[in-house]
Protein chains: 2
Amino acid sequence: MPEQPDGRRDDLAAMLGPLVQVLVAAEQPVLAEHDLSMWGYAVLCGLGDEPVRTQAALAQAIGADKTRIIGVLDTLQERGLIEREPDPADRRARLLRLTGEGRRLRDDVQRSIQQGEQRWLGRLPADERAVFLRALARLSRLAREDLDRSR
Amino acid sequence: MPEQPDGRRDDLAAMLGPLVQVLVAAEQPVLAEHDLSMWGYAVLCGLGDEPVRTQAALAQAIGADKTRIIGVLDTLQERGLIEREPDPADRRARLLRLTGEGRRLRDDVQRSIQQGEQRWLGRLPADERAVFLRALARLSRLAREDLDRSR
DNA sequence: GCCAATGGTAAGCACGAGCATACGATATGC
DNA sequence: GCATATCGTATGCTCGTGCTTACCATTGGC
């Protein structure tokens with residue numbers, strides 16, 4: 001910084017755009033190798049240790065359109081990666097869980113993806129990298145909260 | 001870090017996604033206020049002090065589709081924000097320049113946008129912020145180089 | 001008990017991006 | 001001189017996204 005001859009710096013979005021692009025591109029072969037779609041993987045990541053109650057809530061949590069992830073959930077369920085069962089307390093809703101297999105697959109894929117990230121993170125000095133990741137995690141969390149608030 | 005109960009962290013793309021989303025959303029009203037499209041602004045930002053030779057080169061530099069920015073360039077030219085003239089050395093090609101007005105508008109918009117960024121950057125400690133921006137600028141540059149190489 | 005809201009589902013519509021094709025004018029290499 | 005490549009232009013096609021609508025079953029509030 002600054003990046004421009006006249007002292008200006010690029011907007012955050014302008015800087016983040018290309019970075020997201022290369023990262024997403026790097027994920028494709030990993031996902032393909034495991035026969036996962038991007039949204040399929042996002043669903044697996046969006047399910048943690050506790051079941052998620054309602055598909056709509058999961059869709060929101062991962063930034064997906066609830067009407068578009070139905071097929072994704074169907075596929076994941078068919079593959080035994082998730083379980084989807086009616087909530088006994090409210091029969092309109094489904095409880096969504098990772099199966100053991102789903103968790104293993106998610107963790108495998110994530111390991112591979114984050115290994116690929118070293119290509120980029122490895123270009124930062126170690127102390128800078130730690131700060132960058134910490135700052136990014138914080139900003140990302142804040143952004144998510146903002147998005148949740150506006151929905 | 002780590003962000004997950006089980007020690008995992010989110011993928012970079014997963015963290016960057018929501019952040020890009022809120023940043024882009026914050027840009028919309030600024031762009032609208034100046035009657036600029038996102039690609040229009042990207043063109044203004046992609047033109048620096050020196051003319052850019054060929055529309056295709058500009059399109060590539062800003063990550064746009066050369067066939068899709070023609071209308072954008074038409075509009076910007078009509079508004080007197082850019083100049084577009086045949087390259088005397090090669091009449092197939094155009095030289096693209098910012099006008100003074102285009103530069104002023106670009107700088108105004110960028111000032112507003114970067115002011116809006118304080119909402120996020122201001123949530124980081126000052127030393128972390130500087131490191132974050134420096135790291136991001138570097139990663140962004142590396143990503144751009146990678147994208148250029150693959151085109 | 002009735003009505004409005006909710007959850008999952010299916011599908012429609014509009015839009016933009018990515019990519020491709022084709023054309024005329026021009027430039028380059030052999 | 002000819003074949004190929006390049007530039008700007010126009011347009012088509014496909015796909016994904018965001019949003020909407022509608023439906024049925026269920027729930028919650030009055």
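Order of the sequence lines fixes the chain letters, A, B, ..., with proteins taken first and strands second; residue numbering starts at 1 for each chain.
Residue A:Arg123 qualifies as open at atom CZ: its count of foreign heavy atoms under 6.0 Å is 12 or below.
Rounded to whole angstrom, the span from the CG atom of B:Asp90 across to the C1' atom of C:dT28 amounts to 10 Å. The CG atom of B:Leu58 sits 13 Å away from the C1' atom of D:dG8 (whole-angstrom rounding). Summarising the geometry, the separation between CD1 on A:Ile69 and P on D:dC19 is reported as 15 Å, rounded to the nearest angstrom. Spacing between atom NZ of B:Lys66 and atom C1' of D:dC7 amounts to 6 Å, rounded to whole angstrom units. In this structure, CD of B:Gln55 is placed 13 Å from C1' of D:dA10, rounded to the nearest angstrom. For B:Gln60 and D:dT6, the CD to C1' distance is 14 Å, given to the nearest whole Å. Going from atom CD1 of A:Ile70 over to atom P of C:dG7 covers 13 Å, rounded to whole Å.
Toward the 5' end of DNA chain C, the nearer of the two residues B:Ala64 and A:Leu73, judged by each one's closest nucleotide, is A:Leu73. Remark on DNA chain D: of its neighbouring residues A:Met38 and A:Pro88, the 5'-side contact belongs to A:Met38, judged by nearest-heavy-atom nucleotide. Summary of the strand contacts: B:Gly71 and B:Gln21 both lie near DNA chain D, and taking for each the nucleotide with the nearest heavy atom, the more 5' one is attributed to B:Gly71.
At a cut-off of 3.5 angstrom, the base of D:dG12 holds at least one donor-acceptor pair with the side chain of B:Arg68. For A:Arg91 and D:dT26, a side-chain-to-base donor-acceptor distance below 3.5 Å is absent, hydrogens and geometry of angles not being considered. Side chain B:Thr67 to base D:dT11: a donor-acceptor pair is found below 3.5 Å.
Contact check, B:Arg94 against C:dT26: no side-chain N or O comes under 4.0 Å of OP1 or OP2. Distances shown here put every side-chain N or O of A:Arg53 at or beyond 4.0 Å from the OP1 or OP2 atom of C:dT6. Contact between the side-chain N/O atoms of B:Trp39 and the OP1/OP2 oxygens of C:dA17 is found at a separation under 4.0 Å.
At least one donor-acceptor pair closer than 3.5 Å links the side chain of B:Glu117 to the backbone N or O of A:Leu12.
Set against C:dA27, D:dT27, C:dG8, the side chain of A:Arg92 has D:dT27 as its closest nucleotide. Taking only side-chain atoms of A:Asp65, from C-beta outward, the nucleotide of D:dC19, D:dT9, C:dA10 with the closest atom is D:dC19. Nearest nucleotide to the A:Ala93 side chain, out of C:dG7, C:dG18, D:dT9: C:dG7.
Counting only heavy atoms from C-beta outward, the side chains of B:Arg106 and B:Leu81 never approach each other to under 4.5 Å. In this structure, A:Leu98 and A:Asp49 have side chains that are not in contact, with every pair of non-hydrogen atoms separated by 4.5 Å or more.
Counting all heavy atoms, side chain and backbone alike, B:Gly46 lies closest to B:Ile62 at CA-CG2, 3.8 Å.
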